[in-house]
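Reminder, nothing fancy here: chain letters follow the sequence lines and each chain counts from 1.
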Number of protein chains: 2
Amino acid sequence: MSQMQSVEKQLRQMILGLEIGPGEKLTERWIESRFGASRTPVRAALLRLETEGLVGRDGRGWTVSPINLAELEQIAVYREAVEVAALRLSCGLVDRSAVDVIEAMLESCDKDTPREEWHRVGMDFHIELARLSGNDFLFRAVRDAMTRLSRARWLEVRNEAALSRAWAEHRAILAAARVGDADEAARLLSGHIVGSRERLVTSLANDRRGLRARGFAVVPA
Amino acid sequence: MSQMQSVEKQLRQMILGLEIGPGEKLTERWIESRFGASRTPVRAALLRLETEGLVGRDGRGWTVSPINLAELEQIAVYREAVEVAALRLSCGLVDRSAVDVIEAMLESCDKDTPREEWHRVGMDFHIELARLSGNDFLFRAVRDAMTRLSRARWLEVRNEAALSRAWAEHRAILAAARVGDADEAARLLSGHIVGSRERLVTSLANDRRGLRARGFAVVPA
DNA sequence: AGTACCATATTGGTATCCCAACTTGGTATC
DNA sequence: GATACCAAGTTGGGATACCAATATGGTACT
């Protein structure tokens with residue numbers, strides 16, 4: 001693997017894992033020494049992460065993108081459009097057996113599963129469902145949206161009730177998709193996304209003070 | 001403007017204007033000498049254009065992305081999802097006066113208008129309509145999709161009949177949006193996108209031999 | 001003539017150097 | 001004590017040098 005890919009991957013992981021806080025300043029030279037690479041691959045990695053929305057420019061320098069509540073709301077609308085479109089396509093497929101693979105993914109989480117795993121599977125559910133459509137653009141749109149939502153959702157997975165509710169909704173969506181009921185699946189997915197957004201934004205808005213105290217920049221809606 | 005932005009802009013213009021043919025190989029050193037910049041900004045520009053899908057990696061090197069008919073079909077599905085979502089949002093706005101600005105844009109094209117302008121306005125119609133929704137993600141999705149479609153559409157604008165048909169459909173969409181009839185506007189827009197895709201892919205598939213003769217790589221659906 | 005092989009040129013990946021713009025911290029002045 | 005100002009350090013943008021991998025073209029041998 002090239003240094004650029006290595007730096008990109010590690011830096012993304014640190015940002016998504018909140019090892020570098022939202023809103024924190026980054027310098028190319030710090031990344032350079034942190035990962036033992038020179039500035040050329042570091043700059044390349046930053047340019048890519050910028051297009052993912054994980055880092056942004058702050059004047060001349062670089063900043064880890066803050067958690068942006070207004071952005072979270074817009075992403076939810078965007079997600080709804082692309083995920084529903086992908087799901088409708090999938091419901092029209094003759095072979096929808098991949099639904100079972102996704103269901104198995106959900107079932108792999110039980111009470112002993114670490115939080116990180118719940119978090120990852122919760123995102124992968126949506127990503128894999130989109131991949132099933134066979135449309136690369138819809139798939140990438142969902143994957144990128146989930147990446148942007150990742151940190152905000154991570155701050156939320158402590159909530160047991162929300163998780164079990166989400167899993168129930170996920171199963172219901174799969175059940176509708178399995179029998180090819182596109183309208184019902186779409187309705188359930190829309191509801192799930194809208195509901196998730198409301199709970200997420202409310203929760204973060206309430207926690208905002210606490211998050212800022214931990215050094216996490218959170219810009220209001 | 002930084003060299004990176006300058007190189008990115010000029011290179012994008014050359015690719016979209018077909019001055020560099022789809023499928024052509026690019027070397028960083030050629031770009032370097034062509035635009036009088038050093039490799040640092042050249043590499044940065046290539047990395048950004050890669051995320052736009054205008055250039056891609058070919059093993060170790062760089063290639064201008066070929067025209068890909070399968071991709072065009074997938075983009076149409078993607079566009080339909082995001083553009084319809086944006087249009088429905090726009091129809092729900094209380095102030096839809098911006099529709100008139102878009103209409104004026106359409107009207108600025110007459111028989112004396114050069115082809116390039118028709119081409120640009122035809123794309124900007126969709127982009128501005130998406131911007132009107134106020135959702136940045138839907139807007140960027142449409143803008144990026146139109147960028148990817150740009151070259152294929154350029155090979156098509158010679159067709160007078162298709163243009164006047166497209167303009168009529170554009171006007172009808174605006175008329176429905178103006179009175180806030182979201183369902184009708186969405187129906188018209190869906191039809192417009194599906195129809196455009198069919199005509200575009202058919203036309204390019206027929207021209208494929210001729211395009212390859214001009215050195216343009218066209219990969220079939 | 002065909003083919004296997006090697007020297008050479010070219011390429012992208014990386015490291016490093018320089019520079020102008022900007023920050024920062026201290027200092028002299030009022 | 002406040003403020004205007006300046007010097008030193010830091011930063012991102014750019015240029016260039018170097019390297020390993022690959023492509024290329026010619027050559028010797030069959």
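Shown here are the side chain to side chain contact (heavy atoms under 4.5 Å, CB included) partners of A:Asp124, two or more places apart in sequence or in another chain: A:Met105, A:Arg120, A:Ile127. Under the side chain to side chain donor-acceptor pair (under 3.5 Å) criterion, B:Thr202 pairs with no residue at all, not counting sequence neighbours. By the side chain to side chain contact (heavy atoms under 4.5 Å, CB included) test, A:Lys9 pairs with A:Met1, sequence neighbours left out. With sequence neighbours left out, A:His119 forms a ring-ring contact (aromatic ring centres under 6.0 Å, His included) with A:Trp154. When the side chain to side chain donor-acceptor pair (under 3.5 Å) test is applied to A:Arg131, the partners found at least two apart in sequence or on another chain are A:Glu128. Here A:Ser38 pairs with nothing under the side chain to side chain donor-acceptor pair (under 3.5 Å) rule; sequence neighbours left out. Scanning for ring-ring contact (aromatic ring centres under 6.0 Å, His included) contacts around B:Phe216 gives an empty result, with sequence neighbours left out. Under the side chain to side chain donor-acceptor pair (under 3.5 Å) criterion, B:Arg88 pairs with B:Asp183, not counting sequence neighbours.
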Side-chain donor-acceptor distances from residues 55-62 of chain B under 3.5 Å, at least two apart:
residue : atom : partner : partner atom : Å
B:Asp58 : OD2  : B:Lys25 : NZ           : 3.1
B:Trp62 : NE1  : B:Glu28 : OE2          : 3.2

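Looking at A:Gln5, its side chain does come within 3.5 Å of a backbone N or O of A:Ser2 through a donor-acceptor pair.
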Symbol by symbol from the 5' end, with Watson-Crick or G-U pairs under 3.5 Å, [ ] crossing and | another strand, DNA chain C is ||||||||||||||||||||||||||||||
Protein-proximity profile, nucleotides 6-15 of chain C, B/S/- by nucleotide at the 4.0 Å heavy-atom cutoff, equals -----BBBBB
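Running 5' to 3' along DNA chain D, contacts with non-hydrogen atoms of chain A at under 4.0 Å begin and end at D:dT11 to D:dG14.
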